[in-house]
Amino acid sequence: MELVDQSKIPSSHCSTDDCGRKSHHSDKVKNSIVSRLNRIEGQVRGIKGLIDKDTYCDDVLNQIASVQSALNGVGKLLLEHHMRSCVIDRIQEGDTEVLTELLTTMNKLMK
């Protein structure tokens with residue numbers, strides 16, 4: 001997956017309010033993420049259909065690998081935006097705990 005040219009995307013910022021932390025992605029970024037997730041959802045439904053039709057296991061496994069790859073792509077996109085906005089903002093505010101949070105999240109993504 002190629003990284004996105006950040007100069008072409010309006011910055012997103014994270015904030016904290018009474019309901020907890022929130023991200024504020026641009027409409028373009030949000031639409032891109034939702035579109036990817038909708039495609040992934042369709043792929044998962046397709047896999048279910050393959051199982052219902054007793055499709056050859058190797059073919060199903062290849063489709064599962066495709067879904068996992070697509071989810072990893074969404075995760076990378078979100079991670080990039082998180083690091084370029086939320087993490088930088090919190091570090092500039094003096095909150096270095098964000099680094100521990102980021103490392104924990106990255107370890108979960110790499111499992």
Side-chain angles (χ1 to χ4, degrees):
M1 182 190 132
E2 292 181 27
L3 295 180
V4 177
D5 181 356
Q6 293 298 309
S7 65
K8 296 181 181 176
I9 297 178
S11 64
S12 56
H13 298 283
C14 297
S15 65
T16 303
D17 63 13
D18 295 335
C19 300
R21 295 178 297 184
K22 293 187 177 183
S23 290
H24 300 285
H25 300 288
S26 69
D27 287 341
K28 182 177 181 177
V29 170
K30 194 181 296 189
N31 289 338
S32 173
I33 291 169
V34 169
S35 177
R36 287 173 179 233
L37 290 172
N38 286 337
R39 283 194 301 271
I40 292 167
E41 183 180 21
Q43 287 179 286
V44 171
R45 280 194 307 272
I47 291 170
K48 183 180 175 190
L50 294 175
I51 297 295
D52 289 339
K53 295 176 188 173
D54 296 322
T55 302
Y56 185 61
C57 296
D58 191 60
D59 295 336
V60 175
L61 291 168
N62 282 315
Q63 290 303 312
I64 290 171
S66 177
V67 168
Q68 288 172 329
S69 177
L71 279 172
N72 286 340
V74 172
K76 288 176 188 175
L77 181 64
L78 279 171
L79 180 61
E80 180 184 357
H81 284 276
H82 180 57
M83 291 176 71
R84 291 183 183 274
S85 59
C86 304
V87 173
I88 289 174
D89 289 348
R90 287 177 59 189
I91 288 172
Q92 289 174 342
E93 293 168 1
D95 181 2
T96 57
E97 183 63 27
V98 69
L99 295 175
T100 302
E101 175 186 282
L102 178 62
L103 291 172
T104 300
T105 299
M106 289 179 70
N107 280 327
K108 290 177 185 177
L109 287 170
M110 289 188 216
K111 283 187 177 181

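Residues: numbered from 1 along the sequence shown.
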| query | Hey, does the side chain of Thr105 reach the backbone of Glu101 with a donor-acceptor pair shorter than 3.5 angstrom? | reply | yes

| request: For Thr96, check side chain to side chain donor-acceptor pair (under 3.5 Å) against everything at least two apart and list the hits. | output: none

| field | NZ/NE/NH1/NH2 to OD/OE distance under 4.0 Å, Glu80 and Arg84 | value | yes

| Hey, are the side chains of Leu109 and Lys76 touching, using non-hydrogen atoms and a 4.5 Å cut-off? | no

| query | Can you check whether Gln63 reaches Thr55 side chain to side chain, under 4.5 Å on heavy atoms? | reply | no

| task | Might you point out which heavy atoms bring Leu102 and His82 nearest each other, and give the distance in Å? | result | CD1-CD2, 4.1 Å

| message | Give me the atom names and distance for the closest heavy-atom approach of Ile88 to Met83. | response | CG1-O, 3.3 Å

| Do Val98 and Cys86 have side chains that get closer than 4.5 Å, going by heavy atoms? | no

| said: Counting neighbours of CG on Asp58 that are heavy atoms of other residues, nucleotides or ligands and sit closer than 6.0 Å, is the number greater than 12? | reply: yes

| Does some side-chain heavy atom of Ile47 sit less than 4.5 Å from a side-chain heavy atom of Val67? | yes

| field | ILVMFWY network linking Leu77 to Leu37, side-chain heavy atoms under 4.5 angstrom | value | yes

| Where do Gln43 and Ala70 come nearest, in terms of heavy atoms and distance? | OE1-CB, 4.0 Å

| note | Closest heavy-atom pair, His25 versus Lys30, reported as atoms and distance to 0.1 Å, is O-CE, 4.2 Å

| query | Nearest 0.5 Å, what's the CD1-CG distance between Ile64 and Leu50? | reply | 9.0 Å

| task | Check whether any side-chain N or O of Thr104 sits under 3.5 Å from a backbone N or O of Thr100 as a donor-acceptor pair, and report yes or no. | result | yes

| request: Identify, with sequence neighbours excluded, every residue that meets side chain to side chain donor-acceptor pair (under 3.5 Å) alongside Asp95. | output: Arg90

